[in-house]
Engineer: 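The structure that follows is given in the form of structure tokens.
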Amino acid sequence: MPLNRKIEELKKRREVVQMGGGEKAIEKQQALGKMTARERILALLDADSFTEYDLFAEHEARDFNMDKQVLHGDGVVIGTGTMSGSPICIFAQDFTVAGGSLGLMHARKITKIMDHALKMRVPLIGINDSGGARIQEGVNSLAGYGEIFFRNTLSSGVIPQISVILGPCAGGAVYSPALTDFVFVVDNISKMFITGPEVIKTVLGEEISMEDLGGARVHSEITGNAHFFAETEAECFDQIKKLISMIPRSNDSQAKRIEPKNPKPEIDIEHVVPGDPKQPYDIRDVVKGIVDDSEFLEVQELWAQNIVIGFGRINGLPCGFVCNQPLVLAGVLDVDSSDKAARFIRYCDAFNMPIITLVDLPGYLPGVDQEHAGVIRHGAKMLYAYSEATVPKLTVILRKAYGGGYIAMGSRHLRSDFVFAWPGAEIAVMGPEGAANIIFRKEIMASEDPEATRKEKVAEYKEKFANPYVAASKGYVDSVIEPSETRKMLMHGIDVAINKSVSGPRKKHGIPPF
Ligand code: HXC
């Protein structure tokens, strides 16, 4: 056969396979507001940059009539491409082919692209849309998942791993996204659960919809499994592009510097923070007043909102921000906010991103619920993560820094490189009211006018301890600065610390309070 006929044949073969599960299945997919696997990849990557591999892969299963079934591409599309010019490895499960279920060949395709990503040190994006382990392939399907989980763990902290949940992600399949760095979900489309509504009904007799069990909102607001929530697939892809532009392609490199449009922004952060320590405000307004061009990419925006984490640039360099949020629960630390911050700190540390901590909190949330939910164990994760991190760490105490919260939020004692405090900062074991009530209790009770004495003692305590100068006199705070100097101090601190080199005792690895 002449070559041109063979080329024609190749084109025809490609066309057939690229139709996935066929027109009807594609129509069903589109009716649910979902793109097809290839459409998703093309929407995410730079135009004309996608190169597909293993298009003609075929499964080898024989049981349950599988030998008579042709599954195009075995239900997953894999390949490489670029995003804003940077290389990416990607896979997208194709629900139109056997429900995107994962058999041995399907898993081999995914692990092939995972191996490429790790070897070539480029980010991996996985689009999940699948009914889980292909039931007909039995233990081979389970083996496939195990191989994926192993590689997720191997790649963790080496290359960024991003999971996009654009359909069901059922059964053990959920553990691959859970092992990756960032999980993106889309309203009404993403569904993640270990045991589905039918099993729950059979075993527990409880009725629940898939959406209420493990929809996008559930994982963004309640479980914390998702890091980015979007209304549509298109919005989700924009979020992924923004994230990729902020993070380095591997732990060998730095995130890309992009010079700010306005190098000297004039945003008044001084008046964002009320003088009264009990008055709430939105910490994100302070962050936006500090970062380049007020651009802040918040992570896990809808979960554990008493802490705000995310990425922003300082003088062009992407940094991670960890900030108490006085707008929610006065910005206290609790079980979930500690988990949220600790994991993010470890991400920044693994990928060479400076950590900027903005402090304004009354301490840890008291109560039986928190104690029994393990606030000791979870709170310890933050101490561990900050202490272990060796990237530049810069801390600014804006207002309150009481008790264990002061230590946990990137204090000098956990080896922050630079600690700054605004003049209104109150650094103490606890708030003045609580402190005065305890240490002057006898005097207050013995007084003729206990209320007046109490007020007097609160004022006395405030005067002595509720300020940044005691900490500054001990060197725990390096400089007391005007709010308007914050950005300049951070820029300078990052410049000075960017090549910092520290090492700890030799060990295989530590044992964090997981
Ligand atoms: C084989 C599957 C499949 C699976 C779906 N399909 N899931 N085939 N193995 N796990 C097939 C269906 O038979 C159907 O084939 C096609 O995909 C589309 O599925 P539908 O059910 O028609 O789609 P829909 O109504 O949208 O429902 C989607 C769904 C449902 C909710 C995901 O298919 C479902 O509940 N699937 C099983 C989910 C589950 O329990 N998975 C866990 C498996 S155990 P036809 O030929 O009719 O088009 C597991 C453990 C892994 O994953 C452990 C790893 C550690």
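Atoms within a ligand are numbered from 1 in the order they appear, just like the ligands themselves. All of these numbers come straight from a predicted model, not from anything done at the bench.
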Engineer: Just one of L297, I314, V299 clears the side-chain contact (heavy atoms from CB on, under 4.5 Å) bar with F321, so which one?
Structural biologist: I314

Engineer: Determine, using heavy atoms of K28 and all atoms of ligand 1, whether some pair is separated by less than 4.0 Å.
Structural biologist: yes

Engineer: Quick one: does A98 get a heavy atom under 4.0 Å from ligand 1?
Structural biologist: yes

Engineer: Report the part of A133 (side chain from C-beta onward, or backbone N, CA, C, O) that has a heavy atom under 4.0 Å from ligand 1; answer both or neither where that applies.
Structural biologist: both

Engineer: Atom 3 (C) of ligand 1: which of G22, S141, S101 has the nearest heavy atom?
Structural biologist: S101

Engineer: Should G171 be counted as touching ligand 1, given the test is an N or O pair under 3.5 Å?
Structural biologist: no

Engineer: Are the side chains of W303 and N225 in touch, meaning some heavy atoms are under 4.5 Å apart?
Structural biologist: no

Engineer: Using heavy atoms and a 4.0 Å limit, tell me yes or no: is Q136 in contact with ligand 1?
Structural biologist: yes

Engineer: Quick one, R151 and Q161 - any side-chain contact, counting heavy atoms below 4.5 Å?
Structural biologist: no

Engineer: Which protein heavy atom lies closest to atom 37 (C) of ligand 1, and at what distance to 0.1 Å?
Structural biologist: G131 O, 3.6 Å

Engineer: Which bit of V199 gets closer than 4.0 Å to ligand 1, counting heavy atoms only: side chain, backbone, both or neither?
Structural biologist: neither

Engineer: Is ligand 1 less than 4.0 angstrom away from at least one heavy atom of F149?
Structural biologist: yes

Engineer: Is the backbone of L333 close enough, under 3.5 Å, to the side chain of S337 for a donor and an acceptor to pair up by distance?
Structural biologist: no

Engineer: Please report which non-hydrogen protein atom sits nearest to atom 16 (C) of ligand 1, along with the residue it belongs to and the distance in Å to one decimal place.
Structural biologist: G99 N, 3.7 Å

Engineer: Measuring from atom 9 (N) of ligand 1, which candidate in I148, I135, L71 has the nearest non-hydrogen atom?
Structural biologist: I135

Engineer: Answer side chain, backbone, both or neither: which part of M210 comes under 4.0 Å from ligand 1, heavy atoms only.
Structural biologist: side chain

Engineer: Which residue and non-hydrogen atom of the protein lie closest to atom 50 (C) of ligand 1, and at what distance in Å?
Structural biologist: G172 N, 3.6 Å

Engineer: Nearest to atom 26 (O) of ligand 1 by heavy atom, F64, F95, Y145: which?
Structural biologist: F95

Engineer: Using a 4.0 Å cutoff against the non-hydrogen atoms of L142, which atoms of ligand 1 qualify?
Structural biologist: 51 (C), 53 (C)

Engineer: Are any of the side-chain heavy atoms of Q254 and N352 separated by less than 4.5 Å?
Structural biologist: yes

Engineer: What atoms of ligand 1 come closer than 4.0 angstrom to any heavy atom of R134?
Structural biologist: 1 (C), 9 (N)

Engineer: Measure the spacing between NE2 of H227 and OG of S220 and express it to the nearest 0.5 Å.
Structural biologist: 10.0 Å

Engineer: For N4, is the CG atom crowded, meaning more than 12 foreign heavy atoms sit under 6.0 Å from it?
Structural biologist: yes

Engineer: Centres of the Y406 and H413 rings: under 6.0 Å?
Structural biologist: yes

Engineer: So, for F184 and F237, is the gap between ring centers shorter than 6.0 Å?
Structural biologist: no

Engineer: Provide the number and element of each atom of ligand 1 under 4.0 Å from a heavy atom of P168.
Structural biologist: 32 (C)

Engineer: Tell me, do Q300 and V183 make a side-chain contact under 4.5 Å, heavy atoms counted?
Structural biologist: no

